[in-house]
Amino acid sequence: MPTDPVASEPPGSPPPPSPAAVQASREVRAVISRLRRRILGASEAEDLTLGQSTALARLARETETPATAAGVTTSVLAAAEGVRHQSMTATVAALAARGLVVRTPDPEDGRRLLITLTPEGRRRVHEGRQARTEWLAARLQDECTEEELRAVIAAMSVLERLTHD
């Protein structure tokens with residue numbers, strides 16, 4: 001005799017997601033993944049890999065505040081990007097070789113290196129952001145009605161709410 005999956009849940013545990021929630025989850029993840037690749041491709045510099053481009057953009061975000069303006073460590077970047085320290089070390093080395101970042105000793109701990117963008121690195125990040133914004137705005141303008149644009153804006157507020165704990 002089959003058991004009721006809800007009845008077998010421990011008391012006090014949340015109910016399983018509804019079929020609509022599962023479908024929405026799959027569709028949102030798939031669309032965001034494809035959209036992310038397309039947006040990044042709109043600004044990808046031919047001399048940088050996708051990993052290098054995203055690390056450069058992450059470094060720009062991580063060093064925007066006064067507390068981190070002096071730079072961040074490779075470990076911080078690796079954790080933020082969800083990659084191994086060794087992988088980020090190789091990525092940072094490639095960016096440094098292209099003159100996009102510099103590594104300087106941490107004044108508080110000389111064993112660590114702090115990574116910051118060079119002026120050329122900042123320029124590349126700015127141009128990349130501009131290209132991505134222009135690409136997506138043009139696609140939205142070309143493909144969507146005003147009503148659809150309002151629906152996208154409303155959906156983004158729902159998705160944004162999901163990012164807050």
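Closest heavy-atom contact between P105 and G110: CB-O, 4.4 Å. Contact detail for L56 and G121: the closest heavy-atom pair is CD2-O, 4.3 Å. Closest approach of A154 and S157 over heavy atoms only: O-OG, 2.7 Å. Nearest heavy atoms, L48 versus Q52: CA-OE1, 3.3 Å. The two atoms that bring R103 and A96 nearest to each other are NH2-CB, 3.6 Å, heavy atoms only. Looking at every heavy atom in both residues, G71 comes nearest to T63 through CA-CG2, 3.9 Å.
The residues R123 and E120 are annotated as salt-bridged, a charged nitrogen and a carboxylate oxygen being separated by less than 4.0 angstrom.
Transitive grouping of hydrophobic side chains (ILVMFWY, heavy atoms separated by less than 4.5 Å) brings V76 and I115 into a common cluster. No chain of hydrophobic side-chain contacts below 4.5 Å, direct or via other Ile, Leu, Val, Met, Phe, Trp or Tyr residues, connects L113 to L117. In the hydrophobic clustering of this structure, V31 does not group with L159; members are Ile, Leu, Val, Met, Phe, Trp, Tyr whose side-chain heavy atoms approach within less than 4.5 Å, directly or through other members. Neither V102 nor L77 shares a network with the other; the hydrophobic side chains, linked directly or stepwise wherever heavy atoms of I, L, V, M, F, W or Y lie under 4.5 Å apart, form separate groups for each. In the hydrophobic clustering of ILVMFWY residues, with side-chain heavy atoms under 4.5 Å counting as a link, L162 and V152 come out together.
The side-chain contact (heavy atoms from CB on, under 4.5 Å) test with E62 singles out one residue from T116, T73, V72, and that residue is V72.
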**Prompt:** Can T118 and R122 be said to form a side-chain hydrogen bond (donor to acceptor under 3.5 Å, both in side chains), step by step?
**Reply:** CA-CA 6 Å; T118 64; R122 287 200 184 288; over 6 Å; no

**Request:** Show the numbers, then the answer: is there a side chain to side chain contact (heavy atoms under 4.5 Å, CB included) between T91 and V83?
**Result:** CA-CA 11 Å; T91 299; V83 300; over 6 Å; no

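When the shell of 6.0 Å around CD of Q141 is examined, it contains 12 or fewer heavy atoms from other residues, nucleotides or ligands. Dense packing is recorded around CZ of R61, with more than 12 heavy atoms of other residues, nucleotides or ligands lying under 6.0 Å away. Heavy atoms from other residues, nucleotides or ligands lying under 6.0 Å from CD of E147 number 12 at most.
Rounded to the nearest 0.5 angstrom, S75 OG and M88 CE are separated by 10.0 Å. Going from atom CD of E143 over to atom CG of L149 covers 11.0 Å, rounded to the nearest 0.5 Å. If you take CG on D106 and CG on L114, they are separated by 4.0 Å, rounding to the nearest 0.5 Å. In this structure, T74 OG1 and H85 NE2 are separated by 5.0 Å, a value rounded to the nearest 0.5 Å. Taking OG1 of T133 as the start and CZ of R129 as the end, the distance is 9.0 Å to the nearest 0.5 Å.
Proximity of a side-chain donor or acceptor of E148 to a complementary backbone N or O of T145 within less than 3.5 Å is detected. For R132 (side chain) and A42 (main-chain N/O), no donor-acceptor pair under 3.5 Å exists by modelled atom type. In this structure, R26 contributes its side chain and V22 its backbone to no donor-acceptor pair below 3.5 Å. A donor-acceptor pair under 3.5 Å is absent between the side-chain atoms of S33 and the main chain of R29, judged by distance alone.
Under the 4.5 Å side-chain criterion, counting only non-hydrogen atoms from C-beta, T54 is in contact with E81.
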